[in-house]
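Some notes on the structure that comes next.
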Amino acid sequence: MTTDPYAWIEQSLVTIQRADWYRSVQTLSDRPGATVVLAGREVINFASNDYLGLAGDERLIAAATTAIHELGTGSTGSRLLSGHRELHRELEIAIASLKQTEDAIVFSSGYLANLGAIASVVGKRDLILSDQYNHSSLKNGAVLSGAAIIEYPHCEVVALKTQLSQQRQNYRRCLIITDSVFSMDGDLCPLPALLEMSAEFNCMLLVDEAHATGVIGKTGAGCVEHFGCTGKPLIQIGTLSKALGSLGGYVAGSANLIDFLRNRAPTWIYTTGLSPADTAAALAAIQVVQQEPQRRIQLWRNVEYLKNLMQQQLPHLKLLPTESPILCFQLPSPGDALRVGQHLKDAGIFAPAIRPPTVPTSRIRISVMATHTTEQIEKLVAVLRNTD
Ligand SMILES: *Cc1c(COP(=O)(O)O)cnc(C)c1O
């Protein structure tokens with residue numbers, strides 16, 4: 001037989017293309033900000049997770065540059081071997097102080113923080129209850145753990161309770177996992193009700209604050225703070241790569257939990273420590289988050305302004321329920337989403353089409369930044385008005 005064992009890849013790509021599911025990268029140049037240069041042309045940026053505009057901030061750049069000069073570019077090994085620096089510990093202490101938890105541990109990405117935390121705290125004899133709309137890293141962390149997985153309908157606490165009453169007794173430990181801000185929808189998990197469930201059924205509760213840290217809550221500590229749940233027994237995950245403008249992830253929680261992860265989380269033990277530049281930039285970002293609440297206030301002003309304009313001028317848009325700077329409107333098909341995304345881009349607005357399999361229904365996803373001007377927000381609405 002002379003068949004090509006790789007021939008299926010090309011066929012698969014053709015299928016992906018036919019469904020309008022095909023994806024490719026777009027090149028941005030220059031520093032990130034409220035406007036970016038996309039394929040050589042300046043566009044208004046409603047596509048990034050840089051909510052506070054810190055990824056291009058001089059102070060983060062200076063902190064990263066200084067760290068590189070002092071500590072070099074790579075951390076050269078696992079944190080448990082040659083890869084640990086004082087800077088890592090300073091960042092972990094800063095995260096714990098922002099989150100008001102006993103301790104924190106930083107990972108090389110938020111994705112790895114979820115894989116490591118979930119796979120460490122539950123195993124074969126355990127049960128995971130997972131919101132249907134959870135981020136890929138939560139879902140894959142659940143698979144990696146080997147635990148039994150039950151998905152519950154998005155944010156439906158009654159359905160969750162039914163599952164717990166029927167299934168909890170068949171397992172040793174139980175872990176509920178959820179995004180706090182749902183990344184492709186913009187709504188929030190019902191955290192207080194989830195905490196009640198976890199207390200009633202003796203479950204651990206893991207919340208992923210990737211899109212909430214620096215953005216939500218009075219001090220920017222996230223949904224846990226927003227819902228008045230600070231200090232509750234939680235496993236809090238987050239990223240350094242969104243509002244904090246750097247790269248990396250973290251787990252925040254009790255001192256015992258963090259100590260346990262340092263001993264058991266494979267995606268922390270068997271990978272290289274966060275680079276000095278990323279670590280220093282994230283540390284500088286947390287200082288900005290704590291010292292400049294006006295950035296968060298401006299972000300929420302922008303969100304409210306855009307929401308109001310959209311409700312007044314674009315009542316026909318199918319805006320998904322949101323309580324975050326993520327605003328999505330639904331479109332009938334992936335092809336429609338691509339067409340609207342392209343129309344926006346031609347008109348100088350960068351807002352991506354999000355399609356299956358990332359989400360069940362196609363949509364345009366707009367994310368608001370603290371550094372957007374009123375004019376930029378008005379231009380977005382004007383362009384959307386001219387979209388059929
Ligand atoms: C972006 C995101 C992550 C991954 O974080 P990275 O640091 O980019 O790996 C994890 N969870 C959620 C909910 C996210 O939106």
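What you see is a predicted model; the values in this text were computed from it and never measured. Atoms within a ligand are numbered from 1 in the order they appear, just like the ligands themselves. We use all heavy atoms of the structure for the numbers below, so side chains are in, but hydrogens, waters and symmetry mates are not.
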Ring centres under 6.0 angstrom apart (H372, F46): yes
Option passing side-chain hydrogen bond (donor to acceptor under 3.5 Å, both in side chains) with T213 (candidates K99, Q236, E225): K99
Aromatic plane relationship, H154 with F182 - under 30° parallel, 30 to 60° tilted, over 60° perpendicular: perpendicular
For ligand 1, what N or O to protein N or O distances fall under 3.5 Å?
| residue | atom | partner | partner atom | Å |
| --- | --- | --- | --- | --- |
| ligand 1 | 7 (O) | G110 | N | 2.8 |
| ligand 1 | 7 (O) | T239 | OG1 | 2.6 |
| ligand 1 | 7 (O) | S241 | OG | 2.9 |
| ligand 1 | 9 (O) | G110 | N | 3.2 |
| ligand 1 | 9 (O) | Y111 | N | 3.0 |
| ligand 1 | 11 (N) | H135 | ND1 | 3.4 |
| ligand 1 | 11 (N) | D208 | OD2 | 2.5 |
| ligand 1 | 15 (O) | H211 | NE2 | 2.8 |
| ligand 1 | 15 (O) | K242 | NZ | 2.6 |

Shared hydrophobic cluster for F201 and L194 (ILVMFWY, side-chain gaps under 4.5 Å): yes
S82 side chain to T76 side chain, donor-acceptor N/O pair below 3.5 angstrom: yes
Test salt bridge (charged side-chain N to carboxylate O under 4.0 Å, His left out) applied to R363 and D336, step by step: CA-CA 9 Å; R363 63 202 64 182; D336 290 308; over 6 Å; no
